[in-house]
Amino acid sequence: MKAKNSNFAQIAPQAVQTAKIFFFCGPDEAGAHAAAMRLITLLGEKAGERVEIGGSELKRDPVRLSDETRSTSLFGDTRHIFVRVQAEEALEALKILIESETVADGWPVLILASGATDKSRTAKLLEKRDDALVAMFYPPDIRSVTSEVRHMADAAGLRMGSELAQRIAGSVGLDTRMAKSEIAKLALYIDAAPEAPRSVSEADVHAIGAVTEDDGMMALVDAVLSGNLERLGEELTRFQQLDMNPVGTLLAMERRVAKLTELSSKLGSRADVAAFVAQQPGVFFMEKGAIADQLSRWRGPRLARLSQRLVAMHRQLLADSQTASLNFRIGCTNIARAASQSGH
């Protein structure tokens, strides 16, 4: 079986009844992780105890997966196997599991595969099997994540408009896991609950968002696209220290460049970029200064070449996860240097 962003919610309830192997992949790692957590919830009591295995462990001992699916829980209860791998690290282990012909009688296996797609060998091994589900997740768009943020807010007792929901979605780089954390902080901050809902203001979002800005991706994105070489060094150091995801951070940069492209098409030949951006209702007020600066540096053919460069970087990062962090930092430095040489 196969699924993707758009139909996973419809397919998952049936899949947990018939499938035992679940393979989550695609460039949207946050979406794949969230889907895996949703599926565990759908398993209900059948999920039981979690046994976690890393990809490096499976490469050293590919038989272990098959052994774990037949093992007995310490307390004799149900269990599920949760595997985190890079690319094709689970391939040999899955071949052994399938050849053992014990899939139907074993515990459910959920595999979260960074750097893999539905075109990978592991996905091809599983996609035509009735007892397996391959779920592919593409990067979400701002509209879908904004809608998800509003859904989370409603569930937490937060009354929130679309602009504030979009602000939160953008501040976390469209990562729904981080968005969920921000919603929880907001609810705690203004003492909201489902049975006692409260309205959220811009000041509330700003108050809890200070931590997000420090820990998130946009400070690095702004340093790169604004050509702030002095700040870039600090941000790349923080990028390493926090072990931030190169692909996720690049996606945040791609979304900002997409916004610049949208605004550039509306800007036309106007000279006062700051005044134009200030009048745009779709730009959050705290980002207008940075966006105006970046729009003045990246216009016309330069902006088109930047978009192409980011696409090439994205492919490079997905092709080689081992050097992704290094290649990302090199790419950021090159783009920042180009931005610094472009005047207003």
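Side-chain atoms are counted along with the backbone in the values below, which use heavy atoms only and exclude waters and symmetry mates.
Lys59 has no carboxylate O lying under 4.0 Å from a charged side-chain N of Glu92, or vice versa, which leaves the two without a salt bridge. The pair Glu68-Arg64 meets the salt-bridge criterion, with a side-chain N (NZ, NE, NH1 or NH2) lying under 4.0 Å from an Asp/Glu carboxylate O. Between Arg50 and Glu52, at least one side-chain N (NZ, or NE/NH1/NH2) sits under 4.0 Å from a carboxylate O, which counts as a salt bridge. With salt bridges taken as basic N to acidic carboxylate O contacts below 4.0 Å, one links Asp222 and Arg256. With salt bridges taken as basic N to acidic carboxylate O contacts below 4.0 Å, one links Glu262 and Lys266.
In this structure, Ser296 contributes its side chain and Asp293 its backbone to a donor-acceptor pair below 3.5 Å. Side-chain atoms of Lys128 never come within 3.5 Å of backbone atoms of Met1 as a donor-acceptor pair (strictly under, hydrogens ignored). Between the side chain of Thr78 and the main chain of Glu45, a donor-acceptor pair closer than 3.5 Å is present. Under a 3.5 Å cut-off, the side chain of Gln14 and the backbone N or O of Ile11 do not form any donor-acceptor pair. Checked by atom type and distance alone, the side chain of Thr249 pairs as donor or acceptor with a backbone atom of Asn245 at under 3.5 Å. Of the possible donor and acceptor atoms, none in the side chain of Asn7 sits under 3.5 Å from a partner among the backbone N and O of Gln10. Proximity of a side-chain donor or acceptor of Lys46 to a complementary backbone N or O of Val16 within less than 3.5 Å is detected. Thr323 contributes no side-chain N or O that, together with a main-chain N or O of Leu326, makes up a donor-acceptor pair within less than 3.5 Å. Without hydrogens or angle criteria, Trp298 side chain to Leu225 main chain gives a donor-acceptor distance under 3.5 Å.
The distance from atom OG1 of Thr146 to atom NE2 of His151, rounded to the nearest 0.5 Å, is 14.5 Å. Atom NE2 of residue His33 and atom OG of residue Ser114 lie 10.0 Å apart, to the nearest 0.5 angstrom. A distance of 6.0 Å separates CG in Leu112 from CZ in Arg84, rounded to the nearest 0.5 Å. Here the straight-line distance linking atom OG1 of Thr122 with atom CZ of Phe23 works out to 4.5 Å at 0.5 Å rounding. The CE atom of Met217 lies 10.0 Å from the CZ atom of Arg238; values are rounded to the nearest 0.5 Å. Rounding to the nearest 0.5 Å gives a distance of 10.5 Å between CZ of Arg198 and CG of Leu158.
Side-chain contact between Leu310 and Ile335 is present, with heavy atoms from C-beta onward closer than 4.5 Å. Side-chain contact between Leu110 and Ile81 is absent, with no heavy-atom pair separated by less than 4.5 Å. Within the 4.5 Å cutoff, side-chain heavy atoms of Leu250 are placed close to those of Met313. Contact check for Met160 versus Arg167: no side-chain heavy atoms found under the 4.5 Å cut-off. Looking at Glu163 and Glu202, their side chains come closer than 4.5 Å, going by heavy atoms from C-beta outward. Taking the side chain as every heavy atom from C-beta outward, Thr18 and Asp130 never approach each other to under 4.5 Å. Between Glu235 and Val221, every side-chain heavy-atom pair lies at or beyond the 4.5 Å cut-off. Contact check for Arg302 versus Arg299: no side-chain heavy atoms found under the 4.5 Å cut-off.
Hydrophobic clustering of Ile, Leu, Val, Met, Phe, Trp and Tyr side chains at less than 4.5 Å, counting indirect connections, unites Val257 with Leu267. Note: the hydrophobic cluster containing Trp107 does not contain Leu43 (ILVMFWY, side chain heavy atoms under 4.5 Å, direct or indirect links). Under the 4.5 Å side-chain contact rule for hydrophobic residues, Met136 and Leu133 do not share a cluster. Following chains of ILVMFWY side-chain contacts shorter than 4.5 Å, one can reach Val145 starting from Leu164, so the two form part of one hydrophobic cluster. Under the 4.5 Å side-chain heavy-atom criterion for grouping Ile, Leu, Val, Met, Phe, Trp and Tyr, Phe137 is not connected to Val134 through any hydrophobic cluster.
Atom NZ of Lys4 is surrounded by 12 or fewer heavy atoms from other residues, nucleotides or ligands within 6.0 Å. For NZ of Lys288, the number of neighbouring non-hydrogen atoms (other residues, nucleotides, ligands) closer than 6.0 Å is greater than 12. The number of heavy-atom neighbours closer than 6.0 Å to CD of Gln322, taken from other residues, nucleotides and ligands shown, is 12 or below.
When all heavy atoms of Phe328 and Leu220 are compared, the pair lying nearest together is CE2-CD2, 3.8 Å. Scanning all heavy atoms of the two residues, the minimum distance from Gly55 to Glu89 falls at CA-OE1, 3.2 Å. The heavy-atom pair separating Arg79 from Pro108 by the smallest distance is O-CD, 3.5 Å. When all heavy atoms of Ala179 and Met152 are compared, the closest pair comes out as C-SD, 4.2 Å. What you find for Ala47 and His80 is that their closest heavy atoms are O-ND1, 2.9 Å. Pairing each heavy atom of Ser264 with each of Gly300, the nearest pair is OG-N, 4.4 Å.
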Q.
Could you go through Gln166 and Arg143, starting from their C-alpha distance and side-chain angles, then the distance that decides it, and tell me whether this counts as side chain to side chain contact (heavy atoms under 4.5 Å, CB included)?
A. CA-CA 8 Å; Gln166 181 174 321; Arg143 180 179 297 178; over 6 Å; no

Q: Apply the test side chain to side chain contact (heavy atoms under 4.5 Å, CB included) to residues Leu39 and Phe24: give CA-CA distance (whole Å), side-chain angles for both, the deciding distance (0.1 Å), then the verdict.
A: CA-CA 11 Å; Leu39 194 134; Phe24 301 89; 4.1 Å; yes

Q: Could you give me the CA-CA distance, side-chain angles and deciding distance for Phe239 and Cys332, then say whether side chain to side chain contact (heavy atoms under 4.5 Å, CB included) is met?
A: CA-CA 11 Å; Phe239 171 84; Cys332 285; over 6 Å; no

(Q) Arg129 vs Ile98, test: side chain to side chain contact (heavy atoms under 4.5 Å, CB included). Steps then yes/no. (A) CA-CA 10 Å; Arg129 296 181 61 90; Ile98 290 170; 3.2 Å; yes

**Q.** Steps toward side-chain hydrogen bond (donor to acceptor under 3.5 Å, both in side chains) verdict (Thr333, Arg337)
**A.** CA-CA 6 Å; Thr333 302; Arg337 285 174 179 162; 5.9 Å; no

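Remark: the Ser226 side chain and the Arg297 side chain contain no N/O donor-acceptor pair separated by less than 3.5 Å.
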